[in-house]
Every structure is written in structure tokens, then in C-alpha cells.
Visitor: 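Below is one structure. I have some questions about it.
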Protein chains: 2
Amino acid sequence: MTSSKIDLNKILRSAKLKATKPRLDVLSIINKAEAAVSHSEIQAKLESFDRVTLYRTLNTLIEKGIIHKAHVESTEVFYAMCTTSCTEEGHKHEHIHFVCDKCEEVTCIDSEPISIKLPNHIISEVRVQATGICDKCFV
Amino acid sequence: MTSSKIDLNKILRSAKLKATKPRLDVLSIINKAEAAVSHSEIQAKLESFDRVTLYRTLNTLIEKGIIHKAHVESTEVFYAMCTTSCTEEGHKHEHIHFVCDKCEEVTCIDSEPISIKLPNHIISEVRVQATGICDKCFV
DNA sequence: GTTTTATTGCAACATTGTTGCGGTATTTGT
DNA sequence: ACAAATACCGCAACAATGTTGCAATAAAAC
């Protein structure tokens with residue numbers, strides 16, 4: 001019953017979701033992590049739950065604007081907490097997903113909004129993924 | 001034996017690949033298409049080939065720098081031709097993958113190189129995916 | 001505490017991707 | 001043009017990932 005657990009409860013209730021153990025556990029893992037967490041990593045930490053429950057839990061949390069996918073160029077999907085600007089109506093992320101070639105961590109990095117203009121196109125969202133060496137691995 | 005087929009033969013031979021039917025067919029599909037082609041679409045057009053052959057063919061063509069993946073935020077992977085700047089040593093794409101919310105086409109759009117700077121990071125590659133309405137669907 | 005309703009677990013299925021190996025097609029050299 | 005060498009394909013089997021329906025269960029409301 002730490003202070004973070006109370007927060008997570010609040011988050012779920014304000015999204016009109018029942019505060020069940022799977023949800024609290026999944027949210028806790030993603031919330032504690034500094035980097036985005038891969039699906040398999042979450043699954044490994046939650047062996048007592050059904051595979052299906054994890055899929056459904058993650059999808060629900062995404063739909064409610066609580067977490068988001070970091071869909072990097074890999075078969076693995078990563079998950080991270082959303083900021084307050086995300087709601088059930090939609091996600092609004094103004095950050096870069098940075099993938100480190102060395103430690104393979106995926107981090108969400110705040111950045112200036114990247115504005116792109118294309119003739120005769122309506123651009124509603126821009127997603128950026130950068131690859132390289134992160135600050136921790138940088139000597 | 002159209003003129004494009006000769007080109008594709010050349011492409012394969014200069015990559016030291018045998019010009020087999022599966023490869024020519026796959027390349028032909030991706031080359032003819034204006035937009036990036038999804039895996040399932042390629043598979044559908046090549047029913048006579050084995051599933052495994054398609055996976056291996058696509059991977060080989062990527063490794064040789066002939067085609068590239070457009071890894072948009074979807075379960076489906078899309079494929080498109082590379083420019084001449086891609087080789088076996090690596091891919092170098094300076095374009096945006098644009099996903100139309102209406103027609104769901106994925107197009108590669110040339111753009112100014114997007115330069116991003118992050119303190120204490122080495123950035124080797126930047127991938128950008130934009131979503132919205134494409135020029136064809138734009139009234 | 002009981003009822004109502006959302007959520008979970010299970011089983012079964014569907015899709016996507018991988019590996020090894022024998023047979024086959026493409027090249028290379030003559 | 002033909003034979004030999006080698007790269008490639010097809011098949012079978014497997015592994016991983018993701019989905020659906022339904023009965024059992026847990027959370028919230030009264």
C-alpha cells in the first residue's frame with residue numbers, strides 16, 4: 001500500500017475502470033520503469049495472470065489514454081505511461097521514441113513539436129523514432 | 001519480358017542474388033505499386049508460392065538494400081523500393097512514411113532531412129511517420 | 001449483504017514468423 | 001549446350017503472437 005498504489009487506483013477510477021489486481025500490477029510495472037517496457041517483460045513479471053488478460057488489460061489502458069504503445073521498428077511492442085494530455089478521445093504525444101542500439105532501451109524523450117508540412121495533405125499526427133546511443137551508454 | 005523486368009533482373013544480379021521467379025514477382029509487385037505494399041497484399045498476389053518463401057525473399061531483399069520496411073503503427077508491415085543510397089551495408093532513408101486515415105495507403109514522401117539534437121545522445125537514424133489525409137483523398 | 005455489472009480465466013482458434021532438410025532451379029565453367 | 005556446383009524453394013513441423021466466446025468470479029453500487 002505505497003503512495004504510488006493510491007495514485008494508480010485514482011487513475012483507474014477516473015477512467016471508470018475497476019481497480020483490479022491485473023490492472024494495478026500492469027500499471028505499476030509500467031509506471032515504475034524509467035524506460036518503456038516490452039510486452040514480454042511485462043508478461044514475465046506477471047506469470048500468475050492469463051496471457052489473454054494481459055492483452056486485454058493493455059488494450060483497455062491504451063483506449064482510456066493511460067498508457068501508450070512505443071511501436072518501434074521491431075517485432076516487440078513497448079509500453080509507457082501517457083502524460084495528462086491523453087484521454088479516451090485520443091492520444092497526443094509530442095515526444096520522440098529513442099531506441100538505444102547498445103542497451104536496447106526505449107525511452108520517451110520530450111521535444112519541441114515537430115512540424116511537417118506537405119502540400120495537399122492534412123497532417124494530424126507525427127511520430128518520430130530516433131536510433132543511436134542513449135545518454136546512459138554515452139561515455 | 002517488359003523493360004521493367006530487365007531492370008529487376010539487373011537489380012538482383014548486382015546484389016549477387018539469383019534472379020528467380022519468386023524474387024522477380026515480389027520485386028515487380030513492390031516496384032509497380034505507387035504506395036508501399038502490405039505483406040498480406042503481396043501474399044495474396046502470389047498464392048502459388050510458399051509462405052516461407054515470401055518471408056525469406058522479403059528479408060533477403062531488405063538485407064541487400066533493395067527494398068525497405070515501412071513499419072507503421074499497425075500489425076501489418078509494408079514494403080517499398082529503396083533509393084540508390086541503400087546498400088547491403090545499411091539503409092539510409094530520408095523520407096517520411098505517410099499513412100492516410102481514409103484510404104489507408106502508406107506512401108514514402110521525400111522531405112528535408114529532419115535533424116534532431118538530444119544532449120548526450122548519438123543519433124544515427126531518425127524515422128518519421130505522419131498520419132492524416134493524403135493528397136488523393138484531399139478534396 | 002445482496003444485486004448488478006465489469007472483468008478474468010480458460011479453451012480453442014487464427015495469424016504471423018522461424019528452422020531444417022531434401023529436392024529443384026539457376027549459374028558458372030567448359 | 002551441357003554438366004557440375006551452389007543457391008534457392010517447398011514442405012513439414014514448430015514457436016510465438018494475438019483474438020474470440022463463454023462461464024466463473026470479483027468489484028462496485030445499492
Side-chain angles (χ1 to χ4, degrees), chain A residues 1 5-6 8-29 36-64 66-79 88 106, chain B residues 1 5-6 8-29 36-64 66-79 88 106:
Chain A
M1 209 184 277
K5 266 216 171 171
I6 292 168
L8 300 180
N9 254 299
K10 273 187 196 166
I11 289 172
L12 289 174
R13 298 175 120 238
S14 58
K16 287 170 192 166
L17 292 174
K18 290 188 178 176
T20 64
K21 195 165 184 305
R23 282 175 186 160
L24 287 167
D25 285 5
V26 169
L27 257 187
S28 169
I29 289 170
V37 195
S38 71
H39 185 104
S40 61
E41 194 178 337
I42 301 172
Q43 193 165 28
K45 290 185 178 171
L46 293 175
E47 274 183 40
S48 58
F49 294 110
D50 195 80
R51 264 169 12 92
V52 180
T53 300
L54 179 53
Y55 279 110
R56 288 200 267 228
T57 300
L58 290 167
N59 285 335
T60 306
L61 294 175
I62 290 168
E63 279 164 22
K64 295 294 180 177
I66 299 172
I67 65 171
H68 69 276
K69 279 189 184 180
H71 217 284
V72 299
E73 203 124 340
S74 138
T75 31
E76 273 263 66
V77 184
F78 291 72
Y79 298 90
E88 193 164 2
V106 179
Chain B
M1 209 183 275
K5 265 215 171 171
I6 293 167
L8 299 180
N9 255 298
K10 273 187 196 166
I11 289 173
L12 289 173
R13 298 173 118 241
S14 58
K16 288 169 192 167
L17 293 174
K18 291 189 177 174
T20 62
K21 196 165 182 306
R23 282 176 187 160
L24 286 168
D25 286 5
V26 168
L27 257 187
S28 169
I29 289 171
V37 196
S38 71
H39 185 105
S40 61
E41 194 178 336
I42 300 173
Q43 193 164 28
K45 290 184 179 172
L46 294 174
E47 273 183 39
S48 57
F49 294 111
D50 194 81
R51 262 169 13 94
V52 180
T53 301
L54 180 53
Y55 279 111
R56 287 200 268 228
T57 301
L58 291 167
N59 285 335
T60 306
L61 295 175
I62 290 169
E63 280 164 22
K64 296 292 181 179
I66 300 171
I67 65 171
H68 70 275
K69 280 188 185 180
H71 217 285
V72 299
E73 202 124 341
S74 137
T75 30
E76 273 264 65
V77 184
F78 291 72
Y79 299 91
E88 193 164 2
V106 178

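As the structure is a computational prediction, the values presented were derived from the model and not from experiment. Reminder, nothing fancy here: chain letters follow the sequence lines and each chain counts from 1.
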Visitor: Would you say dC8(D) has OP1 or OP2 under 4.0 Å from some side-chain N or O of R23(B)?
Guide: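 Yes.
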
Visitor: Can you tell me how far apart CG (L46(B)) and CD (E41(B)) are? Round to the nearest 0.5 Å.
Guide: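 Reported to 0.5 Å precision, the distance equals 10.5 Å.
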
Visitor: Using whole Å, what does the distance between atom P of nucleotide dT18(C) and atom CD of E76(A) come to?
Guide: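 It works out to 13 Å between those atoms.
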
Visitor: Output the rounded distance in Å from CG (D50(A)) to P (dC10(C)).
Guide: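 One finds 6 Å between P of dC10(C) and CG of D50(A), rounded.
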
Visitor: Atom pairs, N/O to N/O, protein against nucleotides 26-30 of chain C, distance under 3.5 Å?
Guide:
from: dT26(C); atom 1: O2; to: K18(B); atom 2: NZ; distance (Å): 3.0
from: dT27(C); atom 1: OP1; to: A19(B); atom 2: N; distance (Å): 2.9

Visitor: Whole Å only: how far is the NZ atom of K64(B) from the C1' atom of dC8(D)?
Guide: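 Rounded to the whole Å, the gap is 13 Å.
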
Visitor: Would you kindly give the CZ-to-P distance between F49(B) and dG10(D), to the nearest whole Å?
Guide: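 Rounding to the nearest Å, CZ of F49(B) and P of dG10(D) are 6 Å apart.
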
Visitor: Show, in sequence, the C-alpha distance, side-chain angles and deciding distance for V26(B) and I67(B), and conclude whether the side-chain contact (heavy atoms from CB on, under 4.5 Å) test is met.
Guide: CA-CA 10 Å; V26(B) 168; I67(B) 65 171; 5.6 Å; no

Visitor: Between P on dA7(D) and CG on L61(B), what's the gap in Å once rounded to a whole number?
Guide: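 Distance check: L61(B) CG to dA7(D) P gives 17 Å.
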
Visitor: Once you round to the nearest 0.5 Å, how far does CG of L61(B) lie from CZ of R56(B)?
Guide: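 Answer for the CG-CZ pair, L61(B) versus R56(B), is 13.5 Å.
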
Visitor: Could you walk me through whether R23(A) and T60(A) pass side-chain contact (heavy atoms from CB on, under 4.5 Å), step by step?
Guide: CA-CA 9 Å; R23(A) 282 175 186 160; T60(A) 306; 4.2 Å; yes

Visitor: Is there a donor on the side chain of R56(B) or the base of dG17(C) sitting less than 3.5 Å from an acceptor on the other?
Guide: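 Counting by modelled atom types and ignoring angles, no donor-acceptor contact under 3.5 Å is found here.
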
Visitor: To check you understand the geometry: which heavy-atom pair defines the closest contact between E73(A) and K69(B), and what is its length?
Guide: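 It is OE2-O, 3.8 Å.
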
Visitor: Rounded to whole Å, please give me the gap between CG in N59(B) and P in dC9(D).
Guide: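 It works out to 12 Å between those atoms.
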
Visitor: Let me confirm one number: the OG1-CG distance from T57(A) to D25(A), rounded to the nearest 0.5 Å.
Guide: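 Between atom OG1 of T57(A) and atom CG of D25(A) there are 9.5 Å.
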
Visitor: Compare the minimum distances between each of dT8(C), dG18(D), dT19(C) and the side chain of V52(B), then state the nucleotide with the smallest one.
Guide: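 The listed nucleotide nearest to V52(B)'s side chain is dT19(C).
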
Visitor: Where each residue is assigned the nucleotide of DNA chain C containing its nearest heavy atom, which of P22(A) and V77(B) is assigned the position nearer the 5′ end?
Guide: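 The residue whose closest nucleotide sits nearer the 5' end is P22(A).
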
Visitor: For the base of dG10(D), is there a side-chain donor-acceptor partner from R51(B) under 3.5 Å away?
Guide: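 Such a pair does not exist between side chain and base.
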
Visitor: If I take atom CD in residue E63(A) and atom C1' in nucleotide dT7(C), what distance separates them, rounded to the nearest angstrom?
Guide: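 These atoms are roughly 14 Å apart.
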
Visitor: OH/Y79(B) to NE2/H71(B) distance, rounded to the nearest 0.5 angstrom?
Guide: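 With rounding to 0.5 Å, OH (Y79(B)) is 8.0 Å from NE2 (H71(B)).
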
Visitor: To the nearest Å, how far apart are L58(A) CG and dT19(D) P?
Guide: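 Spelled out: CG on L58(A) to P on dT19(D) is 11 Å.
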
